[in-house]
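So you know, we letter chains A, B, ... as the sequences are listed, proteins then strands, and number each from 1.
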Amino acid sequence: MTTPRVRFAPSPTGYLHVGGARTALFNWLFARHSGGTHILRIEDTDRERSTAEHTKVILDGLSWLGISWDEGPYFQGEYASRHRADAERLLAAGKAYRCFCTREELDAQRSQADASGMGFRYDRRCYRLAAVEVAARVSAGTPSTIRFLLDDEEIAWNDAVHGRISFQGRDLDDFVILRSDHTAIYNLAVVSDDIDMGITHVIRGDDHISNTPKQIALYRAFGYNPPVFAHVPMILGSDGKKLSKRHGATAVGDYQEQGIFPAAMRNFLALMGWSPGGDREIMTEPELVRLFTLEGIQKKAAVFDTTKLEWMNGQYLSALPASELLQPVRRQLARMGIGDSRDLAPLIDSVKARSRTILHVAEQVAVRLDPSRSSPDAKGEALVRKMGAAFSGNLSLAGAALEGLQAGEWNAGRLLETLRALAESNGLKLGDVMQPIRVALTGSTVSEPVNELLEVVGRDNSLNRISETARRLGGGVSAA
RNA sequence: GGCGCUAUCGUCUAGGGGACUAGGACGGGGCCCUCUCAAGGCCCAAACACGGGUUCGAAUCCCGUUAGCGCUACCA
């Protein structure tokens, strides 16, 4: 068996979608697993919608995900002359014919067919034109497309994920392969390029299943054996509909911004429509490559579950030491307009267990760098309301006790001792003194243990914030 | 409408005739830990779409129904 050659062939008419990224990932995993070649081909033949910016975004997205390619990127638009020559070769061989029907005529025929409840099929009126008539129109300069003459025969293939799929030629149409401006239509361009590039396996979304018989017919007409087709299931939004902007973040760039790790995204995407069998979920890149097979691909469409993605990202997050998080966290902080001079590692360590994304880590680090950046959330406000005057009262008490600690004593151990003693001597539960501090410093009722929080925020920042908050909420009345 | 694809917990999935009182993960609920928690530990609820076959035996094989999705362009 020759080594596989696969391609990822996005059209640069939009951003790199998670569905496209998943298809790219499968192609890449298959190539790496089998020692094959991964080719990147940009299908830019839709000139109206294709842009260089989209191409760049797609390339950047793939790089971010760690998906590489061995050949390319090739640009389909550069092969226009081969496409045209191939179409004309089919025309000369009598396997295609010129069609002079205009778009308007076709539209009229289509709507008529719709109105009568019949499915539209091109009636081959131009195929029946006499040769002299065709020649006359051509020399008169009448624009024409080239249509493929589709035989009525069974077209079937053994799909690597679905098994045998078959269509009848009579259910298909004599489809256009070359536009009147001599540029190729998708199905022709794909087959022409895949033959030219020696593609052995076509791994793509299953929305292409109905294109496949047309493409196989083209392979037959050109005298080539079709490649192996593997149609991977769609990725759906939470409502079971095709993923779109309505579903929120759908571009891989969105997840990059949210602080999702490429490794986590890759791991998660690999599990959308593929399973290694058994219970494995968190897998390293080499494991993914080793385990990946076309047989493990699912037939059923998968719903993209952001919550589980974030959970998985959290798994990667907690497995990574703070030292490796330094750069990404700094980047996020910079985007938030926060420069820093402090060593962030201890801050990162104290918040990463409770975080799922880098963005979340950065937000919490920012608050610990400067508690005045915090604003109370719903739970924080509820606590203030519930405790009433005791909130600021206990806070002042704590502030006074904490002030007794010198800078050299400001560590988690001493802080805990101090707070415990304070609670005991005032007949308070530990939580009654801890929670107000937590809310004052973070705005929330959730954080690392308060003594650790105090240590990480530092003596001056902590004390300032505590007295400030006590004063503000105490309405100027000292509770002491 | 026509053609095609698909159908296991809410979601991602394991399962390829007996090992299934259907397993894992996310999410949900509860308990423990505890100053709080989105962290950790333990526990619970939750699914084979429906109907026919085949078989000693069906989540697994076949057929039909239903539902969902895709395609049906001089888009890709």
Side-chain angles (χ1 to χ4, degrees), chain A residues 9-14 43-46 48-50 76 99 101-103 106-107 110 113-114 116-121 143-147 159 161-162 165-168 170-173 175-187 189-190 205-213 231 233-234 236 238 240-242 268 271-282 298-312 314 318 352-356 360 379 383 416 419-420 423 429-439 442 444-451 453:
Chain A
S11 58
T13 53
E43 309 213 321
D44 56 353
T45 54
D46 182 348
E48 316 224 320
R49 293 191 297 152
S50 298
Q76 193 162 53
C99 175
C101 296
T102 65
R103 223 182 279 254
L106 258 10
D107 286 346
R110 225 184 308 274
D114 283 350
S116 63
M118 300 281 290
F120 173 74
R121 282 198 69 216
S144 64
T145 62
I146 296 180
R147 271 184 197 276
D159 196 275
V161 352
H162 294 276
I165 298 179
S166 99
F167 285 79
Q168 296 300 325
R170 78 180 70 96
D171 295 323
L172 274 17
D173 223 4
F175 55 100
V176 171
I177 54 177
L178 202 72
R179 299 186 183 94
S180 49
D181 67 356
H182 310 299
T183 60
I185 282 299
Y186 172 74
N187 283 309
V190 166
D206 67 15
D207 49 341
H208 284 288
I209 285 179
S210 40
N211 280 320
T212 306
H231 286 101
M234 303 270 81
L236 275 21
S238 48
K241 295 275 194 290
K242 198 171 173 177
F268 183 71
L271 260 14
M272 285 270 99
W274 173 77
S275 164
D279 294 339
R280 307 194 63 158
E281 294 209 300
I282 305 291
Q298 203 74 16
K299 294 184 175 76
K300 193 182 70 164
V303 172
F304 193 84
D305 181 1
T306 312
T307 306
K308 188 159 183 178
L309 201 214
E310 288 182 355
W311 164 78
M312 186 168 282
S318 40
K352 77 183 176 98
R354 267 166 298 273
S355 303
R356 292 194 153 188
H360 196 190
K379 285 181 183 171
L383 187 78
L416 186 57
L419 263 8
R420 280 227 159 98
K429 283 186 291 183
L430 198 48
D432 291 334
V433 1
M434 295 297 207
Q435 281 298 64
I437 299 175
R438 172 174 280 124
V439 171
T442 68
S444 168
T445 59
V446 176
S447 84
E448 63 271 46
V450 164
N451 56 322
L453 173 67

Sequence neighbours excluded, which residues qualify as side-chain hydrogen bond (donor to acceptor under 3.5 Å, both in side chains) partners of A:Arg356?
none
Are any of A:Gln168's side-chain N or O atoms less than 4.0 Å away from OP1 or OP2 of B:rG2?
no
Any idea which of B:rC3, B:rA7, B:rU13 is nearest the A:Lys299 side chain?
B:rA7
Closest listed nucleotide, where the reference is the side chain of A:Val303 and the choices are B:rU11, B:rC35, B:rG4:
B:rU11
List for me each residue that meets side chain to side chain contact (heavy atoms under 4.5 Å, CB included) alongside A:Asp432, sequence neighbours excluded, and say none if there are none.
A:Asn394, A:Leu428, A:Lys429
Pairwise C1' distance for B:rC26 and B:rG16, with rounding to whole Å
26 Å
Judged by nearest nucleotide, the residue sitting upstream toward the 5' end of RNA chain B, A:Ser447 or A:Asp305, is A:Asp305
Answer with yes or no whether A:Lys308 presents, from its side chain, a donor or acceptor under 3.5 Å of a partner atom in the base of B:rA25.
yes
Is the phosphate of B:rC35 approached by A:Arg420 (side-chain N or O, under 4.0 Å from OP1 or OP2)?
yes
Looking at residues at least two apart in the chain, or sitting in another chain, which of them share a side-chain hydrogen bond (donor to acceptor under 3.5 Å, both in side chains) with A:Glu310?
none
Qualifying residues under salt bridge (charged side-chain N to carboxylate O under 4.0 Å, His left out), relative to A:Arg170, sequence neighbours excluded:
A:Asp152
Taken in chain and number order and not counting sequence neighbours, the residues that satisfy side-chain hydrogen bond (donor to acceptor under 3.5 Å, both in side chains) with A:Arg179 are A:Thr183
When you compare B:rA73 with B:rA67, how far apart are their P atoms, in angstrom units rounded to a whole number?
25 Å
Using a cut-off of 4.0 Å between protein heavy atoms and nucleotide atoms, how would you tag nucleotides 70-76 of chain B 5' to 3' with B, S and -?
SS-SBBB
